[in-house]
Engineer: 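Starting off with a structure, shown below.
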Amino acid sequence: MRKKVKIGILIFLILIGSAIIGNSEQRTKMMINTLGGNPEVKLKVELPQKPEKIPYYKVVDLDKKIYASKELMRPVNSLPSTFEAKEIAKRYMEQNGGLPDGLILKNIETVKLKGIDTTTGEIVAEKLVSINIIYGREVNGFPVIGPKADAIAVSVSKNVNYFSKLWRKIEYAGEVKLIPSKIAFEKLKKGEIMNIPMENARSLEIFDIKPGYYVGSEDQKVYIPVWIFYCMDEHGNKLSIAVNATGEFL
Amino acid sequence: MIMGFSTPTYPSTTLVDEFFKAAIAWDWTVTQAYYHATIEAYKGYTDTIKAVIVADTLDQYNDDHLWDQGYTVPDEYPDDNVVWYAEWTCSS
């Protein structure tokens, strides 16, 4: 019975949290508190002058796949090496639609389940779970980011036990001028950004700035050109903040 | 069970939608449903976003389901003061 109550409370908290976050007024406040006009947004790199334009792409198809086995996230006695796990993931992709263009390995890690003594904080047991691999996409060297950006996640233990793919077929649709990065930086300081982090950092240091593309929803018809500001907060957390960079179509 | 994040993240309705889809429509365990939801919500982000799940017992971590969606694991008694903690990166 206590369990049902606990799960009920958790669901309630998730729903309330979503409702609060979904409120646009709250979002605006969050932007202002976090980024807009925040004097502690510090530039640690030069604002790039180039490129002045990038290719523009429209989306012509969407490939979405999800597979999971019953072994997903369950402890196992042994795992393949990270090299072997990458090969297993690659073989799986080759057998399920092929390796997509622009696939970039972004993260690979071993997931472990830890038993922790709550009275001492000591780790008293450790079990292997899986090797998780996440791939992202670059188009002509420009990263594609955002909540619904093209990406593939694979979880491997002995075999692939989870596979999630969201990948678009895109078509070149001309060139678009980028707004100058200086103007994009001003927009960032005002909170005019594409993605609003749940972050209450007191300072953000921008350590890199690159053009790229932003995809916010599955039904988005084009890749939106953005300037991506790669930041780090005072706790060492990395954030990628996108500012719409769409200028004149050429 | 407690589900959350150990890093800053982004608001996402996908997180909630996918969690309940997997836990209720597909009858996945709570751990599997949360893992899936975090991957679906954040795999496109290039920030470091790490999800966390904490269970009181190993059985709860492995087999607990939402009520009426499969086996539900009893509460631990007596308490052994050990919790089970897993963390994974769900962003790219």
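In what follows, chains carry the letters A, B, and so on, assigned in the order in which the sequence lines appear, proteins first and then strands, with residues in each chain numbered from 1.
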Engineer: So, T14(B) and E40(B): side-chain donor and acceptor under 3.5 Å apart, yes or no?
Structural biologist: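 No donor-acceptor contact under 3.5 Å links the two side chains.
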
Engineer: Using non-hydrogen atoms only, which part of K148(A) is less than 4.5 Å away from chain B: side chain, backbone, both, or neither?
Structural biologist: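 For K148(A), the side chain is the part near chain B, not the backbone.
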
Engineer: Quick check on E87(B) against chain A: is it the side chain, the backbone, both or neither that has a heavy atom closer than 4.5 Å?
Structural biologist: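 The backbone, not the side chain.
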
Engineer: Centre-to-centre under 6.0 Å for Y42(B) and Y10(B), is that the case here?
Structural biologist: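 No, the ring of Y42(B) stays outside the 6.0 Å limit from the ring of Y10(B), centre to centre.
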
Engineer: Looking at Y35(B), W28(B), W88(B), which makes the most heavy-atom pairs under 4.5 Å with chain A?
Structural biologist: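 The candidate making the most pairs under 4.5 Å is Y35(B).
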
Engineer: With a 4.5 angstrom heavy-atom cut-off, which part of L166(A) approaches chain B: side chain, backbone, both or neither?
Structural biologist: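 L166(A) touches chain B through backbone and side-chain heavy atoms alike.
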
Engineer: Is L58(B) in contact with chain A via its backbone, its side chain, both, or neither, using a 4.5 Å heavy-atom distance?
Structural biologist: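 Side chain of L58(B) only, per the 4.5 Å heavy-atom cut-off to chain A.
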
Engineer: Would you give me the side-chain donor-acceptor pairs under 3.5 Å for residues 208-216 of chain A, sequence neighbours excluded?
Structural biologist:
| residue | atom | partner | partner atom | Å |
| --- | --- | --- | --- | --- |
| Y213(A) | OH | P55(A) | O | 2.5 |
| Y214(A) | OH | M194(A) | O | 3.3 |

Engineer: Is T29(B) close to chain A through its backbone or its side chain, or both, or neither, when contacts mean heavy atoms under 4.5 Å?
Structural biologist: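 For T29(B), side-chain heavy atoms alone lie under 4.5 Å from chain A.
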
Engineer: With a 4.5 angstrom heavy-atom cut-off, is it the side chain or the backbone of D117(A) that approaches chain B, or both, or neither?
Structural biologist: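 Backbone plus side chain of D117(A), per the 4.5 Å heavy-atom cut-off to chain B.
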
Engineer: Looking at N107(A), I66(A), V111(A), which has the largest count of heavy-atom pairs under 4.5 Å with chain B?
Structural biologist: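 If we count pairs closer than 4.5 Å to chain B, I66(A) comes out on top.
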
Engineer: Using only heavy-atom distances, determine whether the side chains of N140(A) and Y57(A) contain a donor-acceptor pair under 3.5 Å.
Structural biologist: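 Present: a donor and an acceptor within the cut-off.
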
Engineer: With no hydrogens and no angle check, do the side chains of T57(B) and D59(B) hold a donor and an acceptor under 3.5 Å apart?
Structural biologist: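 No, no side-chain donor-acceptor pair sits under 3.5 Å.
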
Engineer: Select one option (side chain, backbone, both, neither) describing which atoms of K127(A) are under 4.5 Å from chain B's heavy atoms.
Structural biologist: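 For K127(A), the contact with chain B is made by the side chain alone.
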
Engineer: Identify the residues of residues 221-229 of chain A whose heavy atoms come closer than 4.5 Å to a heavy atom of chain B, ordered by number, or report 'none'.
Structural biologist: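 The list, in residue order, is empty: none.
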
Engineer: Identify which part of S69(A) has an atom lying under 4.5 Å from any heavy atom of chain B, answering side chain, backbone, both or neither.
Structural biologist: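 For S69(A), the contact with chain B is made by the backbone alone.
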
Engineer: Between N132(A) and S155(A), do the side chains contain a donor N or O and an acceptor N or O under 3.5 Å apart?
Structural biologist: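 Result is yes, a qualifying pair exists.
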
Engineer: Can you find a side-chain donor-acceptor pair between S164(A) and K65(A) that sits under 3.5 Å?
Structural biologist: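 No.
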
Engineer: Check each atom of F5(B) against the heavy atoms of chain A and say whether the ones under 4.5 Å are side chain, backbone, both or neither.
Structural biologist: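 Neither part, no heavy atoms under 4.5 Å.
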
